[in-house]
Structure formats: C-alpha cells, structure tokens
Colleague: 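So that we are looking at the same thing, I have put the structure below in structure tokens.
So you know, we letter chains A, B, ... as the sequences are listed, proteins then strands, and number each from 1. Quick caveat: nothing in here was measured; it's all calculated off a predicted structure.
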There are 2 protein chains.
Amino acid sequence: MPDSLRRFKAGVFQALAHPTRIAILELLGTGELSAGELIEKLGMEQANVSQHLAVLRTQRLVVNRKSGNQVFYSVRDPILLEVLTLMRSYFQKYLTEAQEMLREMSESGR
Amino acid sequence: MPDSLRRFKAGVFQALAHPTRIAILELLGTGELSAGELIEKLGMEQANVSQHLAVLRTQRLVVNRKSGNQVFYSVRDPILLEVLTLMRSYFQKYLTEAQEMLREMSESGR
DNA sequence: TTCGAATATTCGGTATTACGAATTTAATAT
DNA sequence: ATATTAAATTCGTAATACCGAATATTCGAA
C-alpha cells in the first residue's frame with residue numbers, strides 16, 4: 001500500500017483521536033445537530049467546539065448544511081459509526097484492563 | 001458514555017493515527033514478526049520503529065513475546081484488523097476525493 | 001442600513017509528539 | 001569475562017495540537 005494512502009488513513013484516525021471529537025460523532029449518531037446544539041450538549045467553549053468541528057470537516061468525517069443562521073452537522077458515512085461500534089465491542093472486551101490503564105494514567109498524571 | 005471511556009477510545013485512535021503505526025499493524029496482519037523484521041520491511045531507523053512499537057504497546061494494540069535475543073510482535077485482537085478493513089472500504093469509497101485532498105495538501109504543503 | 005445571534009477564524013501560550021543520534025539493557029556466543 | 005547482536009530508552013530539537021480570549025464573518029430581523 002502506498003504511503004500516501006496510509007497518510008490519508010492516519011489523518012482520519014487523527015481526527016478520531018480526541019475525546020471531544022468522539023463525543024461529537026456519537027452525538028451525531030442519531031441524526032444531524034446544529035453547532036449550537038452540540039456546544040450546549042457538550043458544555044464546552046464555543047470556539048473550542050468549532051475548532052474540533054473544523055478538524056472533522058477538514059478530514060470530511062462530517063458534512064454540514066447551512067440553514068439561515070445555523071449550520072447543521074451530520075456524519076458523512078455510516079461506515080464511521082460502524083467503526084465506532086466495533087470499537088465499543090473492543091472496549092467492552094477489555095473493560096477491566098481499560099479501567100486499570102485509566103487509573104494508572106490519572107495517578108501518574110498528577 | 002463517561003468521558004473516561006472516550007479518553008480511552010481516543011487513545012486507541014491516537015495510536016492508530018500515524019502512517020508508520022498503520023503500516024506496522026498491516027504488516028502484522030498476517031502473523032507475528034520480530035522487531036528486526038519490522039524495521040527491515042519498513043526501512044526506517046531502528047529507534048524510530050521501536051518508539052512506534054512502544055506507542056502500540058502502551059495502548060496495548062499489540063502484544064509481544066520474547067524469544068532469546070528477539071522480540072516478536074503480533075496484533076492483540078482481530079477486532080483491530082476488522083477496524084482497519086472497514087476503514088479500507090471507506091477509503092476505497094472516497095478514493096478520488098482522497099487523492100484530490102492529498103494533491104492539494106502536497107501543493108500547499110511545499 | 002444597523003443590530004443581534006450563530007458560527008468560524010486568528011492569535012498566543014503551553015503541552016504533546018516525532019525524529020535521529022547516542023546510550024543502555026538484555027541475551028547469547030566465544 | 002567480554003564481545004556481539006537485538007531491542008529499548010534517553011535526549012535535544014523541531015513540528016503539531018490544544019485551549020481560551022479576542023476578533024471576524026454571515027445571516028436574518030427590525
């Protein structure tokens with residue numbers, strides 16, 4: 001496989017590699033939401049969410065539709081939700097271990 | 001979903017978010033390989049590959065087995081290979097667009 | 001027009017990541 | 001013991017990512 005494709009793939013994973021962006025995709029799993037609704041549900045800074053949306057847009061994991069004053073986002077392809085679902089089964093399988101990892105991380109972290 | 005789990009997921013995606021690490025997992029898709037074999041097939045610096053292996057180990061996407069002088073790596077769970085396969089179908093679906101993206105990136109990049 | 005609401009972008013600081021060079025560790029063979 | 005090979009770790013530096021504050025853009029309403 002050519003390296004260019006691997007870089008493209010890595011870009012997609014990079015876009016998935018942030019808790020906030022995963023949360024956004026999960027929120028969009030049931031249908032489109034406006035940027036404002038996302039901001040409200042996430043309870044985060046407007047600029048910050050907007051920046052995360054920009055990352056998802058740049059990698060085209062989401063598409064957006066403008067309606068008047070608002071911008072509605074939705075997941076570009078259901079395959080991405082399948083990936084998240086697959087990951088969910090992976091996490092459940094290793095849940096205990098994952099929890100240990102998180103505990104260790106937070107202990108050494110601070 | 002709790003944020004701690006999202007962080008764990010993000011960590012896994014983060015580990016996948018590098019061309020070299022994707023290449024490593026793809027090479028391991030057909031069975032275990034020693035660190036040295038990986039280095040040779042990738043044609044990269046020993047230290048660099050070893051560091052990428054450390055990332056994959058830390059997130060437990062791979063497991064390793066020591067045998068004498070060598071260390072053999074393999075993918076921890078076939079689910080991860082399924083994820084990569086799913087992604088492959090996604091990439092094929094948007095191949096044309098991906099190529100445009102890559103072209104634009106390399107143009108503006110330098 | 002001008003105003004206000006929704007969203008995006010820019011900016012500056014800090015933290016994280018990636019790399020190669022050099023060093024260290026672990027195992028075997030001599 | 002010491003040399004050799006495989007692999008991991010440390011170190012310094014450059015690049016990238018993240019965040020909130022401030023600013024800019026875009027649209028509809030008054």
Colleague: Could you check B/Val63 against B/Ser74 for side chain to side chain contact (heavy atoms under 4.5 Å, CB included), going step by step and ending with a plain yes or no?
Modeller: CA-CA 6 Å; B/Val63 292; B/Ser74 51; 3.5 Å; yes
Colleague: Side-chain contact, heavy-atom cut-off 4.5 Å: B/Met87 with A/Leu80?
Modeller: yes
Colleague: Nearest of C/dA8, D/dA8, D/dA7 to any side-chain atom of A/Arg57?
Modeller: C/dA8
Colleague: Just by distance, with hydrogens left out, do A/Arg65 and A/Tyr73 show a side-chain donor and acceptor under 3.5 Å apart?
Modeller: no
Colleague: Atom CE of B/Met44 and atom C1' of D/dA7: how far apart are they, to the nearest Å?
Modeller: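 Spelled out: CE on B/Met44 to C1' on D/dA7 is 16 Å.
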Colleague: When you get a sec, tell me which of D/dA8, C/dA6, C/dA8 is the closest nucleotide to the side chain of B/Tyr73?
Modeller: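 For the B/Tyr73 side chain, the nearest candidate turns out to be D/dA8.
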Colleague: Of the candidate nucleotides C/dT7, D/dA17, D/dC19, which contains the atom at the shortest distance from the side chain of A/Ala35?
Modeller: C/dT7
Colleague: Kindly indicate whether the side chain of B/Asn69 and the base of C/dT28 share any N or O donor-acceptor pair separated by less than 3.5 Å?
Modeller: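 Between C/dT28 and B/Asn69, which were checked side chain against base, a qualifying N/O pair under 3.5 Å is absent.
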Colleague: Determine the contact category for A/Phe72: base if any of its heavy atoms lies under 4.0 Å from a base atom, sugar-phosphate if only primed atoms, P, OP1 or OP2 are that close, otherwise nothing.
Modeller: nothing
Colleague: Rounding to a whole Å, what distance do you find between A/Glu45:CD and D/dC18:C1'?
Modeller: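 Distance check: A/Glu45 CD to D/dC18 C1' gives 13 Å.
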Colleague: On the side chain of A/Gln46, is there an atom forming a donor-acceptor pair with the base of C/dA8 - under 3.5 Å, no angle test?
Modeller: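 It does, because a donor-acceptor pair links the side chain of A/Gln46 to the base of C/dA8 below 3.5 Å.
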Colleague: With a 4.0 Å limit, can you tell me whether A/Arg21 has a side-chain N or O closer than that to the phosphate oxygens OP1/OP2 of D/dA17?
Modeller: no
Colleague: Nearest to the side chain of B/Ser50, which nucleotide is it out of C/dA6, C/dT9, D/dA8?
Modeller: D/dA8
Colleague: Measure CG/A/Asn48 against C1'/C/dT9 and give the value in whole Å, please.
Modeller: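 The distance from CG of A/Asn48 to C1' of C/dT9 comes to 13 Å, rounded to the nearest Å.
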Colleague: What nucleotide, of D/dA7, C/dA18, D/dC19, holds the atom closest to the side chain of A/His52?
Modeller: D/dC19
Colleague: So which nucleotide from C/dA8, D/dA6, D/dA8 ends up closest to the side chain of A/Val71?
Modeller: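 Of the options given, the side chain of A/Val71 lies nearest C/dA8.
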Colleague: Between B/Leu56 (CG) and C/dT17 (P), how many Å, whole number?
Modeller: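 B/Leu56 atom CG is separated from C/dT17 atom P by 14 Å.
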Colleague: Return the orientation label for the B/Phe91 and A/Phe8 ring planes: parallel under 30°, perpendicular over 60°, tilted otherwise.
Modeller: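 It falls in the perpendicular class, over 60°.
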Colleague: In this structure, how many angstroms lie between the P atom of C/dT7 and the CD atom of A/Glu40, rounded?
Modeller: 11 Å
Colleague: Hey, which of these two, B/Val55 or B/Ala47, hits DNA chain C nearer its 5' end, going by closest nucleotide?
Modeller: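 Mapping each residue to its closest nucleotide by heavy atoms, the 5'-most match is B/Val55.
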Colleague: So with a 6.0 Å cut-off around CD of A/Glu37, is the heavy-atom count from everything else above 12?
Modeller: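 Yes, enclosed.
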Colleague: Can you tell me the distance, in whole Å, between the CD atom of A/Gln51 and the P atom of D/dG20?
Modeller: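 Nearest whole value for this atom pair: 9 Å.
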Colleague: Distance check needed: C/dT17 P versus A/Phe13 CZ, whole Å only.
Modeller: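 Between P of C/dT17 and CZ of A/Phe13: 18 Å.
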Colleague: Regarding A/Arg76 and the six-membered ring of B/Tyr94, is the cationic atom NZ or CZ under 6.0 Å from the ring centre and inside 45° of its axis?
Modeller: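 Positive - A/Arg76 is close enough to the ring of B/Tyr94 and near enough to its axis.
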Colleague: Side chain of B/His18 only, heavy atoms from C-beta on: which candidate in D/dA7, D/dC18, C/dA18 is closest?
Modeller: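 Nearest to the side-chain atoms of B/His18, counting from C-beta on, is C/dA18.
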Colleague: Hey, which sits more toward the 5' end of DNA chain D by its nearest nucleotide, B/Asn64 or A/Lys66?
Modeller: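 Closest to the 5' end, via its nearest nucleotide, is B/Asn64.
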Colleague: Nearest to the side chain of A/Gln70, which nucleotide is it out of C/dA21, C/dT7, D/dA17?
Modeller: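 Of the options given, the side chain of A/Gln70 lies nearest C/dT7.
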Colleague: Rounding to a whole Å, what distance do you find between B/Arg65:CZ and C/dA27:C1'?
Modeller: 15 Å
